[in-house]
Amino acid sequence: MKIVFATNNQHKLSEIRSILGESVEVLSLKDIGCDVDIPETGTTLEENALQKAQYVYDHYHIDCFADDTGLEVNALNGAPGVYSARYAGEGHDSEANMTKLLKELGENNNRKARFRTVIALIQKKNVCPCGCTSIKEIHQFEGIVEGEIIRERRGGEGFGYDPIFQPEGYDKTFAELGMEIKNHISHRARAVQKLAEYLLKK
């Protein structure tokens with residue numbers, strides 16, 4: 001089975017290819033010749049994920065999925081949320097994002113937070129056996145991991161906010177745990193697991 005993941009982020013691609021295994025060939029935007037910076041103008045993770053998947057499906061007519069992830073911090077009323085990747089500006093600068101978040105939290109002792117990933121999948125479904133008519137099916141999958149924001153960066157693996165997010169039940173950050181463990185417990189892993197179960201049962 002071939003399917004497009006609407007991203008060129010190598011970290012995300014490696015993570016998802018590892019989870020899905022050899023039964024699904026995951027193509028990137030680059031693999032299908034798409035070099036457009038697909039807009040993400042939604043106000044929710046659900047809207048952004050669907051917007052990206054819809055763009056690829058409409059322009060390339062191929063089954064695809066897209067994700068959007070947000071870090072939701074309780075003491076900041078769910079911020080940065082849908083704006084996590086560009087919290088400190090449009091440059092998607094992880095260091096600047098972490099610096100701003102730690103500054104916003106300050107000495108607040110309520111460090112509870114969660115990562116949430118939403119995946120939107122669009123597939124073509126043939127309505128009749130000969131394939132002369134078809135419709136598109138849209139499915140969404142969500143993955144959540146609870147945890148807390150620590151006070152200083154720890155660890156050198158992962159990406160984004162991983163060095164300051166410590167998942168519940170662990171004494172290490174995502175950036176310290178390593179990809180193998182993260183791929184089993186992360187928000188994206190949980191959403192992708194639901195996606196994989198759906199794809200592989202078909």
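Scanning for side-chain hydrogen bond (donor to acceptor under 3.5 Å, both in side chains) contacts around K136 gives Q54, with sequence neighbours left out. For E152, there are no salt bridge (Lys or Arg N to Asp or Glu O under 4.0 Å) partners at least two apart in sequence or on another chain. When the side chain to side chain contact (heavy atoms under 4.5 Å, CB included) test is applied to V145, the partners found at least two apart in sequence or on another chain are F115, F165, P167, F174, H187, R190. Residues passing the side chain to side chain contact (heavy atoms under 4.5 Å, CB included) test with N110, sequence neighbours excluded: N74, A75, N108, K112. Considering only residues two or more places apart in sequence or on other chains, E180 meets the side-chain hydrogen bond (donor to acceptor under 3.5 Å, both in side chains) condition with none of them. Every side-chain hydrogen bond (donor to acceptor under 3.5 Å, both in side chains) that S28 has, sequence neighbours left out, goes to D31. Considering only residues two or more places apart in sequence or on other chains, R114 meets the side-chain hydrogen bond (donor to acceptor under 3.5 Å, both in side chains) condition with E72. Residues that satisfy the side chain to side chain contact (heavy atoms under 4.5 Å, CB included) test with T41, not counting sequence neighbours, are P39, Q51. Under the rule for a salt bridge (Lys or Arg N to Asp or Glu O under 4.0 Å), D93 has no partner lying at least two apart in sequence or in another chain.
Shown here for C34 and N8, the closest heavy-atom pair between the two residues is O-ND2, 4.1 Å. A53 approaches I122 most closely through the heavy-atom pair C-CD1, 3.7 Å. Here the closest non-hydrogen pair linking Q123 and Y57 is C-CE1, 4.2 Å. Across all non-hydrogen atoms, the minimal contact from L20 to A196 is CD2-CB, 3.4 Å. Here the closest non-hydrogen pair linking A66 and A49 is CB-O, 3.3 Å. The minimum heavy-atom distance linking N9 with T7 is given by the pair N-OG1, 3.0 Å.
R151 has its side chain out of reach of L102: every pair of non-hydrogen atoms, C-beta onward, lies at least 4.5 Å apart. A 4.5 Å side-chain heavy-atom check between I149 and L71 finds at least one atom pair inside the cut-off. Counting only heavy atoms from C-beta outward, the side chains of T99 and R153 approach each other to under 4.5 Å. Looking at L101 and L76, their side chains come closer than 4.5 Å, going by heavy atoms from C-beta outward. Taking 4.5 Å as the limit, some side-chain heavy atom of F5 sits within range of a side-chain heavy atom of D67.
Side-chain atoms of N97 come within 3.5 Å of backbone N or O of A88 as a donor-acceptor pair. No donor-acceptor pair closer than 3.5 Å links the side chain of S18 to the backbone N or O of S14. Counting only distance, with no hydrogens or angles, the side chain of R188 and the backbone of K12 share no donor-acceptor pair below 3.5 Å.
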Donor-acceptor pairs under 3.5 Å, side chain of residues 154-163 to any protein atom, not counting sequence neighbours: which ones?
unit_1: R154; atom_1: NE; unit_2: E176; atom_2: OE1; d: 3.1
unit_1: R154; atom_1: NE; unit_2: E176; atom_2: OE2; d: 3.3
unit_1: R154; atom_1: NH2; unit_2: Q166; atom_2: OE1; d: 3.0
unit_1: R154; atom_1: NH2; unit_2: D171; atom_2: O; d: 3.2
unit_1: R154; atom_1: NH2; unit_2: E176; atom_2: OE1; d: 3.3
unit_1: Y161; atom_1: OH; unit_2: S84; atom_2: O; d: 2.7
unit_1: D162; atom_1: OD2; unit_2: F159; atom_2: N; d: 3.0
unit_1: D162; atom_1: OD2; unit_2: K182; atom_2: NZ; d: 2.7

Exercise. Would V4 and L27 satisfy side-chain contact (heavy atoms from CB on, under 4.5 Å), going step by step from the backbone distance to the final call?
Worked result: CA-CA 5 Å; V4 174; L27 305 175; 4.2 Å; yes
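For residues 16-55, the set of pairs meeting the ring pair (Phe, Tyr, Trp, His ring centres under 6.0 Å) definition, not counting sequence neighbours, comprises Y55-H59. For residues 32-49, the pairs satisfying salt bridge (Lys or Arg N to Asp or Glu O under 4.0 Å) are E40-K52, E46-R116, with sequence neighbours left out.
With values rounded to the nearest 0.5 angstrom, N48 atom CG is found 10.5 Å from T69 atom OG1. Of the inter-residue distances, the one linking K172 atom NZ with I181 atom CD1 reads 7.0 Å to the nearest 0.5 angstrom. The distance from atom OH of Y170 to atom CD1 of I185, rounded to the nearest 0.5 Å, is 4.0 Å. Atom CD of residue Q140 and atom NZ of residue K194 lie 11.5 Å apart, to the nearest 0.5 angstrom. Note that CZ of R17 is 8.5 Å distant from CD of E25, once rounded to the nearest 0.5 Å. We find the CD1-CD1 distance between I3 and I16 to be 10.0 Å, quoted to the nearest 0.5 Å.
Under a hydrophobic clustering in which Ile, Leu, Val, Met, Phe, Trp and Tyr are joined whenever their side-chain heavy atoms come within less than 4.5 Å, directly or via other members, L29 and L50 fall into different clusters. No chain of hydrophobic side-chain contacts below 4.5 Å, direct or via other Ile, Leu, Val, Met, Phe, Trp or Tyr residues, connects I62 to L199. Hydrophobic clustering (side-chain heavy atoms under 4.5 Å, transitive across Ile, Leu, Val, Met, Phe, Trp, Tyr) groups V192 together with Y198. Residues F65 and L13 share a single hydrophobic cluster, defined by chaining ILVMFWY side chains whose heavy atoms lie under 4.5 Å apart. The hydrophobic cluster containing V24 also contains L195, counting ILVMFWY residues as joined when their side-chain heavy atoms lie under 4.5 angstrom apart, directly or transitively.
Other residues, nucleotides and ligands contribute over 12 non-hydrogen atoms within 6.0 Å of the CG atom of D58.
Cation-pi contact between K100 and Y87: present, with separation from the ring centre below 6.0 Å and deviation from the ring axis of at most 45°.
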